[in-house]
Amino acid sequence: MIELNQLRCFVAVAEELHFGRAAKRLFMTQPPLSRQIQLLEHALGARLLERTNRHVSLTASGKTFLRDAKLILEFTGQAQETVKRVEKGEIGRLMLGFTAVSGYWQIPQIIALAAQELPEITLVMKEMVSSAQLQALAARTLDIGFVRQPVALFPLAYHCVLREPLCVALPASSALTARPRIRLRDFAGQPFIMYSASEGKYFYDCIAGLFAQASIVPHYVQHCSQTHTILGLVRAGVGLAIVPESARQLGFPDVEFRPLSHPDAVAEIHMAWRQDGETPAMAAFRQLVITHCTASGAITRKKLTARRPLPKLR
């Protein structure tokens, strides 16, 4: 059986063509060095070196084997370095889930930053609603998710990475564009485009809750699941809408945005991950996201960890 130490000894002698110099290079004495060469030749069943009292040279087999021995040692070194980098979280592959709205600005920023800071971690992105992300995390088909609302399911943990205000989207022709801020009571009787109660549940619950607090009942004309569809209807003059601030990034012409005057009109995005089986790459990516969001002022320092058994997700 060939050992790596035997290969190192052979390469040193083959390059130096002198046992004394090779032994000094390897910080060993000549007798054990000669013994390693003999064991290697015996394992290969071939003579690699011609040696006399004054001269050392490579045989034809030795010249051929030298090339392969160097490659083996090089690949071994690379493998060791790769393992070290994996352990440090510098190399890996992560499956990331994100909601459509978070993909307008926040997620692209994070992906661009990761490409600079963690260039050898491959990120595979999957656009999914929050409930589907939680199911994928439970099934281990997703490593990290960016969801709207944390759900207390063990072993999931969460960290809020964005709090953005909700704002009002209006057709450019609306008389309400003359106002610097829109109040909830301004929606009374107005045609309103609402999120779907099923496919856009997070925003539906947020907005419906605001209207309930203010005892306001708008005139709901459409219910849609996607923000870009809602803005398209706003642009066409079908009605008003309340959307997250990041919707401005879509750049719809003839759509005006105004702040919504209400302290609770805020939407959140939470980074979600499994606590069990975390890889170094996951830990490195999570820390990068948290540091970036904290520095940018977009983050709320909040971590929620569930401690009860994981129920079946529906």
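Computed over heavy atoms, backbone and side chain alike; hydrogens, waters and symmetry mates excluded. Computed from a prediction, not measured in an experiment: that's the story for all the values here.
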Write down the atom of [X], the atom of [Y], and the distance for their closest heavy-atom approach.
X: Leu288; Y: Ala114; result: CD2-CA, 3.7 Å
X: Ile207; Y: Phe192; result: CG2-CZ, 4.0 Å
X: Ala247; Y: Leu231; result: O-CD1, 3.8 Å
X: Val221; Y: Pro191; result: CG1-CB, 3.9 Å
X: Glu256; Y: Ala172; result: CG-CA, 3.8 Å
X: Ala69; Y: Leu7; result: CB-CD2, 4.2 Å

Problem set entry | Ionic contact status for Glu164 with Arg248, cut-off 4.0 Å |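 Looking at Glu164 together with Arg248, the answer is no, because their closest N to O distance does not fall below 4.0 Å.
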For this session: Could you check whether the rings of Phe211 and Phe187 sit parallel, tilted or perpendicular, using 30° and 60° as the cut-offs?
Result: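 Rings of Phe211 and Phe187: perpendicular, as their planes differ by over 60°.
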Applying side-chain contact (heavy atoms from CB on, under 4.5 Å), name anything that partners [X], two or more places apart in sequence or on another chain.
X: Ala214; value: Leu184, Ile216
X: Ser198; value: Ser196
X: Ser34; value: Phe19
X: Val266; value: Arg163

Can you check whether [Y]'s main-chain N or O pairs, donor with acceptor, with [X]'s side chain at less than 3.5 Å?
X: His270; Y: Ala272; answer: no
X: Gln6; Y: Glu3; answer: yes
X: Glu50; Y: Ser57; answer: no
X: Thr59; Y: Arg47; answer: yes

For this session: Just grab all the side-chain hydrogen bond (donor to acceptor under 3.5 Å, both in side chains) pairs involving residues 227-238, residues at least two apart or on different chains.
Result: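 Qualifying pairs, neighbours excluded: Tyr195-Thr227.
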Exercise. Which residue pairs pass the side-chain hydrogen bond (donor to acceptor under 3.5 Å, both in side chains) test with at least one member in residues 35-45, sequence neighbours excluded?
Worked result: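 side-chain hydrogen bond (donor to acceptor under 3.5 Å, both in side chains) check on residues 35-45 returns Glu41-Arg51.
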Just so I know, are the side chains of [X] and [Y] near enough to count as touching, which here means a heavy-atom distance under 4.5 Å?
X: Thr141; Y: Met95; value: no
X: Leu26; Y: Glu16; value: no
X: Leu260; Y: Leu210; value: yes
X: Tyr104; Y: Glu245; value: no
X: Leu166; Y: Phe203; value: yes
X: Ile193; Y: Val234; value: yes
X: Val243; Y: Cys167; value: yes
X: Glu127; Y: Phe98; value: yes

Exercise. Hey, mind stepping through Leu58 and Leu49 against side chain to side chain contact (heavy atoms under 4.5 Å, CB included) and telling me if it holds?
Worked result: CA-CA 5 Å; Leu58 288 166; Leu49 298 168; 3.5 Å; yes
Exercise. Under a single-linkage rule joining Ile, Leu, Val, Met, Phe, Trp and Tyr whose side-chain heavy atoms are separated by less than 4.5 Å, which residues share a cluster with Leu71?
Worked result: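 Listed partners: Phe75.
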Exercise. Does atom CZ of Arg93 have more than 12 heavy-atom neighbours, drawn from other residues, nucleotides or ligands, at distances under 6.0 Å?
Worked result: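 No, because the 6.0 Å sphere around CZ of Arg93 holds 12 heavy atoms or fewer from other groups.
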For this session: State whether the number of non-hydrogen atoms from other residues, nucleotides or ligands found under 6.0 Å of Phe257 atom CZ is greater than 12.
Result: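 Yes, enclosed.
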Exercise. Quick one: do the Ser174 and Thr177 side chains pair a donor with an acceptor below 3.5 Å?
Worked result: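 No.
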For [X], what residues pass the side-chain hydrogen bond (donor to acceptor under 3.5 Å, both in side chains) criterion, not counting sequence neighbours?
X: Arg179; value: Asp186
X: Arg8; value: none
X: Gln226; value: none
X: Lys24; value: none

Exercise. At what distance, to the nearest 0.5 angstrom, does CD of Gln149 lie from OH of Tyr158?
Worked result: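 Answer for the CD-OH pair, Gln149 versus Tyr158, is 9.5 Å.
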Exercise. Would Lys70 and Glu15 count as a side chain to side chain contact (heavy atoms under 4.5 Å, CB included) if you check the C-alpha gap in whole Å, the side-chain angles of each, and the deciding distance to 0.1 Å?
Worked result: CA-CA 11 Å; Lys70 287 182 176 180; Glu15 290 180 343; 3.0 Å; yes
Exercise. Stepwise, does the side chain to side chain contact (heavy atoms under 4.5 Å, CB included) test hold for Leu162 with Cys293?
Worked result: CA-CA 7 Å; Leu162 176 67; Cys293 293; over 6 Å; no
Problem set entry | ring-ring contact (aromatic ring centres under 6.0 Å, His included) partners for Phe10, two or more places apart |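 Once residues adjacent in sequence are excluded, the partners of Phe10 under the ring-ring contact (aromatic ring centres under 6.0 Å, His included) criterion are Phe65.
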Problem set entry | His159 and Val289: CA distance, side-chain angles, deciding distance, side chain to side chain contact (heavy atoms under 4.5 Å, CB included) verdict | CA-CA 10 Å; His159 197 107; Val289 172; over 6 Å; no
